[in-house]
*Asks:* 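Below: one structure in structure tokens.
Predicted model only: the values in this text are computed from it and were never measured.
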Amino acid sequence: MNADTDLNLPFQARPLTPKLGAEITGLDLSRPVPPEVFAALYRAFLRYQVLLFPPHDLPPAAQVAFGKLFGEVQVHVMAMYHADGFPELYRLSNVGADGKPQGEHPDKGTLSWHTDGSWQRVTGQATIIYGEVIPGKGGETHFADMYGAYERLSPQWKARIAKLRAVHNLDFSRTRRHGKDLMTEEQRRAKPPVDQPVVRVHPETGRTCLYLGDHAESIQGMDYDEGRALIEELNRLAIHADLTYEHQWTAKQLILWDNRCVLHRATDYDSFNEARVVRRCTVLGEVPVAP
């Protein structure tokens with residue numbers, strides 16, 4: 001029954017790639033997860049970084065309850081995305097009230113590599129996405145291993161960034177990708193820019209990883225343009241084909257991942273003719289710590 005004997009799992013875990021991700025079978029997340037099963041699932045979460053669950057019906061309340069097993073679930077400052085009567089849920093949809101695609105992408109920021117919640121002092125731990133409606137083409141979700149990204153940096157790069165801190169700013173990333181300011185003044189005040197270490201230590205595995213992504217705007221204490229160039233170059237260096245998992249969705253699948261050591265992005269799709277509806281929740285983690 002155990003697919004990974006050293007983790008002692010009471011379910012099956014099939015690796016998705018040699019480096020990143022596993023598909024979990026033998027669990028029904030629409031039902032309460034017993035504590036001993038969740039403990040095993042959490043071990044798999046730390047090991048594989050990305051977990052995929054096969055299609056099954058998952059009501060919104062069950063998704064929130066599952067998220068709360070990991071910790072406090074974030075209530076996102078962008079309240080217009082809240083869904084199904086649960087402020088913890090965040091729906092990304094291009095479907096209008098008439099049930100048809102509206103042609104506008106709900107969040108273009110998701111199309112660039114990022115990590116959820118890096119723009120607040122207490123950052124994201126796990127993100128949990130459930131696919132309600134999936135387009136026939138595109139709308140994928142890609143994941144990249146940031147442990148491996150750091151390990152593959154040259155000694156010169158590691159020395160260069162060892163003490164750097166990046167300023168992460170939700171208003172910057174949203175405005176940049178949408179070409180217009182979508183946040184209210186109240187929302188900007190609620191989530192001002194914060195500085196985070198460019199290199200962080202995972203609080204549970206103890207492993208070192210790169211921590212940047214699209215929300216990182218500048219480097220503290222560095223000329224703005226110089227910092228922007230460094231961030232853009234590091235974000236490019238962070239992505240390796242053999243350290244990524246590119247997920248093609250099937251409706252009613254669920255994916256969760258560890259924001260502390262994984263970047264992710266969505267791919268574009270024909271938002272005029274194809275519907276895509278996903279709901280997500282993000283579990284709060286901790287304040288990142290440098291090595």
*Asks:* Counting the benzene-type ring for Trp, do F45 and F70 have ring centres under 6.0 Å apart?
*Replies:*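 Centroid distance F45-F70: below 6.0 Å, so yes.
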
*Asks:* Any chance you could measure R265, atom CZ, to S112, atom OG, to the nearest 0.5 Å?
*Replies:*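 Spacing of CZ (R265) from OG (S112) equals 8.5 Å.
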
*Asks:* Minimum heavy-atom separation for R200 and P197, please, with both atom names.
*Replies:*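 So the minimum-distance heavy-atom pair works out to CB-CG, 4.3 Å.
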
*Asks:* Other residues, nucleotides and ligands only: do more than 12 of their heavy atoms fall within 6.0 Å of CD on E226?
*Replies:*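 Check passes, neighbour count above 12.
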
*Asks:* Is there a chain of hydrophobic side chains (I, L, V, M, F, W, Y, each step under 4.5 Å between heavy atoms) that links L20 to L212?
*Replies:*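 Result: no, two separate clusters.
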
*Asks:* Does any non-hydrogen side-chain atom of Y42 lie less than 4.5 Å from one of L46?
*Replies:*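 With C-beta onward as the side chain, the pair touches.
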
*Asks:* Are V167 and L263 connected in a single hydrophobic cluster, I mean Ile/Leu/Val/Met/Phe/Trp/Tyr linked by side-chain heavy atoms less than 4.5 Å apart?
*Replies:*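 No, L263 does not connect to V167 through the hydrophobic network.
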
*Asks:* To the nearest 0.5 Å, what is the distance between CE on M146 and SG on C261?
*Replies:*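 Rounded to the nearest 0.5 Å, the CE-SG separation comes to 9.5 Å.
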
*Asks:* Could you check if a side-chain atom of T115 sits within less than 4.5 angstrom of a side-chain atom of V262, using non-hydrogen atoms only?
*Replies:*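 With C-beta onward as the side chain, the pair stays apart.
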
*Asks:* To the closest 0.5 Å, what do you measure between CG (L254) and CD1 (I129)?
*Replies:*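 L254 CG to I129 CD1: 9.0 Å, rounded to 0.5 Å.
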
*Asks:* Please answer whether the main-chain N or O of T250 pairs with a side-chain N or O of Q253 as donor and acceptor at a distance below 3.5 Å.
*Replies:*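 A pair under 3.5 Å: yes.
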
*Asks:* For Y90 and D107: C-alpha separation, side-chain torsions, deciding distance, then whether side-chain contact (heavy atoms from CB on, under 4.5 Å) applies.
*Replies:* CA-CA 11 Å; Y90 185 99; D107 189 348; 3.4 Å; yes

*Asks:* Once you round to the nearest 0.5 Å, how far does CD of E151 lie from NZ of K158?
*Replies:*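 Rounded to the nearest 0.5 Å, the CD-NZ separation comes to 7.0 Å.
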
*Asks:* Determine the minimum heavy-atom distance between A275 and N94, stating which atoms define it.
*Replies:*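 So the two residues come closest at CA-OD1, 3.5 Å.
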
*Asks:* Are D214 and W113 close enough that some pair of their side-chain heavy atoms sits under 4.5 Å apart?
*Replies:*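 Sidechains of W113 and D214: no contact.
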
*Asks:* Any heavy-atom pair between the side chains of R276 and H105 that's under 4.5 Å?
*Replies:*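 Counting from C-beta outward, H105 and R276 never come under 4.5 Å.
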
*Asks:* According to side-chain contact (heavy atoms from CB on, under 4.5 Å), who are the partners of V33, at least two apart in sequence or on a separate chain?
*Replies:*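 So V33 forms a side-chain contact (heavy atoms from CB on, under 4.5 Å) with L29, V37, F38, F66, L69.
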
*Asks:* Establish whether V73 and L256 are linked, either directly or via other cluster members, by ILVMFWY side-chain heavy-atom contacts under 4.5 Å.
*Replies:*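 Yes, one cluster joins them.
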
*Asks:* Determine whether T244 and I239 make a side-chain contact, defined as any pair of heavy atoms from C-beta on separated by less than 4.5 Å.
*Replies:*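 Yes; the side chains approach each other to less than 4.5 Å.
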
*Asks:* For a 4.5 angstrom cut-off between non-hydrogen side-chain atoms, does Y224 reach I219?
*Replies:*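 Sidechains of I219 and Y224: no contact.
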
*Asks:* Compare every heavy atom of R260 with every heavy atom of P203, then report the nearest pair and how far apart it is.
*Replies:*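 The answer is CG-NH1, 3.6 Å.
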
*Asks:* Check R228 with D225, please: is the shortest side-chain N to carboxylate O separation under 4.0 Å?
*Replies:*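 Judged by the 4.0 Å cut-off on N to carboxylate O distance, D225 and R228 do not form a salt bridge.
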
*Asks:* Would you indicate whether the side-chain heavy atoms of L164 and L230 approach each other to under 4.5 Å?
*Replies:*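 In contact.
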
*Asks:* Between S271 and G103 (side chain of the first, backbone of the second, donor and acceptor by atom type, cut-off under 3.5 Å), is there such a pair?
*Replies:*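 Flag set: sc S271 to bb G103 pair under 3.5 Å.
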
*Asks:* Hey, what do you get for NE2 (H114) to CG (N235), rounding to the nearest 0.5 Å?
*Replies:*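 Separation between the atoms: 12.0 Å.
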
*Asks:* How would you list, by chain and number, every residue that makes a side chain to side chain donor-acceptor pair (under 3.5 Å) with Y147, sequence neighbours excluded?
*Replies:*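 Scan of Y147 (side chain to side chain donor-acceptor pair (under 3.5 Å), adjacent residues dropped) gives T205.
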
*Asks:* Please give me the minimum heavy-atom distance between W249 and Y130, naming the atom from each residue.
*Replies:*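 Scanning both residues, the minimum pair turns out to be CZ3-C, 4.5 Å.
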
*Asks:* Are the aromatic rings of H142 and H247 close, with centres under 6.0 Å apart?
*Replies:*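 No - the distance between ring centres of H142 and H247 does not fall below the 6.0 Å cut-off.
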
*Asks:* As a quick check of understanding, evaluate side-chain contact (heavy atoms from CB on, under 4.5 Å) for D195 and R121, giving each step before the final call.
*Replies:* CA-CA 8 Å; D195 59 288; R121 182 60 62 201; 3.3 Å; yes

*Asks:* Using atom types as modelled, flag every donor-acceptor pair under 3.5 Å from a side chain in residues 50-60 to any protein atom, sequence neighbours excluded.
*Replies:*
| from | atom 1 | to | atom 2 | distance (Å) |
| --- | --- | --- | --- | --- |
| H56 | ND1 | P54 | O | 2.8 |
| D57 | OD1 | K252 | NZ | 2.6 |

*Asks:* With a 4.5 Å cut-off on side-chain heavy-atom distances among I, L, V, M, F, W and Y, is there a chain of contacts connecting V133 to V278?
*Replies:*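 Each belongs to a different hydrophobic cluster.
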
*Asks:* Using atom types as modelled and distance alone, determine if a side-chain donor or acceptor of Q220 lies under 3.5 Å from a backbone N or O of S218.
*Replies:*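 Side chain of Q220 to backbone of S218: no pair is present.
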
*Asks:* Locate the shortest heavy-atom distance separating Y269 from G138; write the atom from each residue and the value.
*Replies:*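 Smallest interatomic distance, heavy atoms only, reads CB-C, 4.0 Å.
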
*Asks:* Going by distance alone, is a donor N or O of one side chain under 3.5 Å from an acceptor N or O of the other, for Q63 and R279?
*Replies:*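 Per modelled atom types, Q63 and R279 side chains form a pair under 3.5 Å.
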
*Asks:* Let me check something: do L237 and I231 share a hydrophobic cluster, defined by ILVMFWY side-chain heavy atoms less than 4.5 Å apart, either directly or through other members?
*Replies:*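 Yes: a chain of side-chain contacts under 4.5 Å links L237 to I231.
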
*Asks:* For the pair D116 (side chain) and G124 (backbone), establish whether a donor and an acceptor sit closer than 3.5 Å, ignoring hydrogens and angles.
*Replies:*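 Looks like no, no N/O pair under 3.5 Å.
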
*Asks:* Which residues pass the side-chain contact (heavy atoms from CB on, under 4.5 Å) test with K19, sequence neighbours left out?
*Replies:*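 T17, L243.
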
*Asks:* Apply the test side-chain contact (heavy atoms from CB on, under 4.5 Å) to residues L210 and L153: give CA-CA distance (whole Å), side-chain angles for both, the deciding distance (0.1 Å), then the verdict.
*Replies:* CA-CA 10 Å; L210 195 61; L153 290 175; 4.3 Å; yes

*Asks:* List the atom pairs, donor and acceptor, that lie under 3.5 Å between side-chain atoms in residues 280-291 and the rest of the protein, sequence neighbours left out.
*Replies:*
| from | atom 1 | to | atom 2 | distance (Å) |
| --- | --- | --- | --- | --- |
| T282 | OG1 | T127 | OG1 | 3.1 |

*Asks:* Hey, does the side chain of H240 reach the backbone of D242 with a donor-acceptor pair shorter than 3.5 angstrom?
*Replies:*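 The answer is no, because no donor-acceptor pair under 3.5 Å joins these two groups.
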
*Asks:* Consider only side-chain N and O atoms of H215 and S173, and report whether a donor and an acceptor are under 3.5 Å apart.
*Replies:*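 Result is yes, a qualifying pair exists.
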
*Asks:* Any non-hydrogen side-chain atom of I161 less than 4.5 Å from a side-chain atom of L234?
*Replies:*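 SC-SC contact between I161 and L234 confirmed.
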
*Asks:* Is a side-chain donor or acceptor of Q120 paired with a backbone partner of V122 at a separation under 3.5 angstrom?
*Replies:*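 Checked: pair present.
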
*Asks:* Which is it for W257 and H264 under the ring pair (Phe, Tyr, Trp, His ring centres under 6.0 Å) test, yes or no, and what are the steps along the way?
*Replies:* CA-CA 9 Å; W257 65 89; H264 67 283; 4.5 Å; yes

*Asks:* Looking at Q49 and G21, would you say the former's side chain and the latter's main chain have a donor-acceptor pair under 3.5 Å?
*Replies:*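 The answer is no, because no donor-acceptor pair under 3.5 Å joins these two groups.
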
*Asks:* Will you find, in the side chains of Q125 and D258, an N or O donor that is under 3.5 Å from an N or O acceptor?
*Replies:*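 There is no such pair (donor and acceptor under 3.5 Å, judged by atom type) between the side chains of Q125 and D258.
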
*Asks:* Do the side chain of R14 and the main chain of T25 share a donor and acceptor less than 3.5 angstrom apart?
*Replies:*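 A pair under 3.5 Å: no.
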
*Asks:* Apply salt bridge (charged side-chain N to carboxylate O under 4.0 Å, His left out) to E217 and list each qualifying residue two or more places apart in sequence or on a separate chain.
*Replies:*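 Partners of E217 under the salt bridge (charged side-chain N to carboxylate O under 4.0 Å, His left out) test: none.
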
*Asks:* Could you report the tightest heavy-atom contact between A13 and I24, atom names first, then the distance?
*Replies:*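 Looking at all heavy atoms of both residues, the shortest contact is CB-CD1, 3.8 Å.
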
*Asks:* Do T123 side-chain atoms and G117 backbone N/O form a donor-acceptor pair below 3.5 Å?
*Replies:*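 Pair absent, no side-chain N/O of T123 close to backbone of G117.
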
*Asks:* Would you compute the distance between atom CH2 of W119 and atom CG of L170 and round it to the nearest 0.5 angstrom?
*Replies:*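 CG of L170 is found 5.0 Å from CH2 of W119.
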
